[in-house]
Amino acid sequence: MKKVPAEPLPRATLEIRGVSLYQGFLDRETQEQMVEDLRAVVAAAPLFQPETRRGQKMSVRMTSAGKVGWVSDRRGYRYEPSHPQGMGWPPIPASVLSVWNAVAGSDRGPDCCLVNYYGEGARMGLHQDRDEADFEQPVVSISLGDDALFRIGNLTRGGKTESIWLTSGDVLVMGGAARLVYHGIDRLRPGSSALLPNGGRINLTMRVAR
DNA sequence: AAGTAACG
DNA sequence: GAAT
């Protein structure tokens with residue numbers, strides 16, 4: 001298989017602790033296309049509300065697209081080739097893949113796109129994305145819908161943190177030395193975006209899982 | 001602790 | 001925001 005050179009990377013609007021932020025990366029039309037594509041994803045692989053490995057419900061609802069999807073239950077955090085309800089994961093939409101191609105700087109494609117839906121009041125505690133096999137590969141994150149307060153910590157628990165508001169169309173890359181940085185979502189700003197008819201926020205994270 | 005909450 |  002011939003290796004395809006990665007695109008030259010666009011310039012980040014902001015770097016925080018090694019995390020690259022591309023604010024306003026997606027125009028409104030592209031965001032709308034993505035939301036339409038995601039309707040098909042959710043129709044094929046319904047959102048579910050996972051539990052942490054200690055059995056507590058997370059406040060986000062999630063599903064995945066790609067060869068594997070991220071799942072969580074008392075058996076732990078892992079990537080699985082099928083949805084907890086038994087069906088396969090649908091393919092990652094082209095509109096989403098094009099973002100990876102633009103900013104990942106990788107010669108591989110993602111094999112998982114985790115789709116997280118944050119309703120009003122949903123949060124995600126500080127955590128690392130560490131269930132993948134190769135930490136040389138970045139994680140690319142897309143924000144759609146309501147603004148969210150994103151918090152960035154350190155490579156280990158504890159210490160000072162920094163926060164920044166993410167808005168619809170922002171793209172963020174955790175790679176290199178920042179690949180394993182702790183991060184999370186503290187809160188939404190309800191009603192701040194009209195992209196999603198029923199409000200809330202969608203976060204897409206593309207990963208190379210294996 | 002991919003959670004929650006008390007406390008500063 | 002830090003600590004548990």
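Bear in mind the structure is a predicted one, so any value in this text is a computation, not a measurement. Residue numbers start from 1 in every chain, and the chains themselves are labelled A, B, ... in the order their sequence lines are given, proteins ahead of strands.
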For this session: Using atom CG of A:N203 as one end and atom P of B:dA2 as the other, report the distance to the nearest whole Å.
Result: 16 Å
Exercise. With a 4.0 Å cut-off on heavy atoms, is A:T52 in touch with a base, just the backbone sugar-phosphate, or nothing at all?
Worked result: sugar-phosphate
Exercise. Any Lys/Arg nitrogen of A:R207 or A:D111 sitting under 4.0 Å from an Asp/Glu carboxylate oxygen of the other?
Worked result: no
Exercise. The side chain of A:T161 lies closest to which of these nucleotides: B:dT4, B:dA2, C:dA2?
Worked result: C:dA2
Exercise. What is the distance from OH of A:Y117 to C1' of B:dA2, rounded to the nearest Å?
Worked result: 19 Å
Exercise. Contact class for A:S163 (heavy atom, under 4.0 Å): base, sugar-phosphate, or nothing?
Worked result: sugar-phosphate
Exercise. Starting at OH of A:Y182 and ending at P of C:dA3, how long is that distance when rounded to a whole Å?
Worked result: 14 Å
For this session: Look at A:R157 and B:dA1 and indicate whether a side-chain polar atom (N or O) is within less than 4.0 Å of OP1 or OP2.
Result: yes
Exercise. Which value, in whole Å, describes the distance between the C1' atoms of nucleotides B:dA5 and B:dA1?
Worked result: 13 Å
Exercise. Do other residues, nucleotides or ligands put more than 12 heavy atoms under 6.0 Å from the CD atom of A:E162?
Worked result: yes
Problem set entry | Rounded distance in Å - CZ (A:R151) to C1' (B:dG3) | 14 Å
Exercise. Checking A:R201 against A:Y118: charged group under 6.0 Å from the ring centre and within 45 degrees of the axis?
Worked result: yes
For this session: Scan A:G158 against the nucleic acid and name what it touches under 4.0 Å (heavy atoms): base, sugar-phosphate only, or nothing.
Result: nothing
Exercise. How would you label the contact of A:D129 with the nucleic acid (heavy atoms, under 4.0 Å): base, sugar-phosphate, or nothing?
Worked result: base
Exercise. Under 3.5 Å, is there a donor-acceptor pair linking the side chains of A:D170 and A:S143?
Worked result: no
For this session: Round to a whole Å and report the spacing from NZ of A:K160 to P of C:dA3.
Result: 11 Å
Exercise. Can you check the A:D73 CG to B:dG3 C1' distance for me, whole Å?
Worked result: 16 Å
Exercise. Whole Å only: how far is the CE atom of A:M174 from the P atom of B:dA2?
Worked result: 14 Å
Exercise. How about A:R78: does its CZ atom have over 12 heavy atoms from other parts shown lying under 6.0 Å from it?
Worked result: yes
Exercise. According to a strict under-4.0 Å criterion, is A:R123 in side-chain N/O contact with OP1 or OP2 of B:dT4?
Worked result: yes
Exercise. Once you round it to whole Å, what is the distance between P of B:dA2 and CE of A:M58?
Worked result: 9 Å
Problem set entry | Complementary nucleotide for B:dC7 - Watson-Crick or wobble, under 3.5 Å | C:dG1
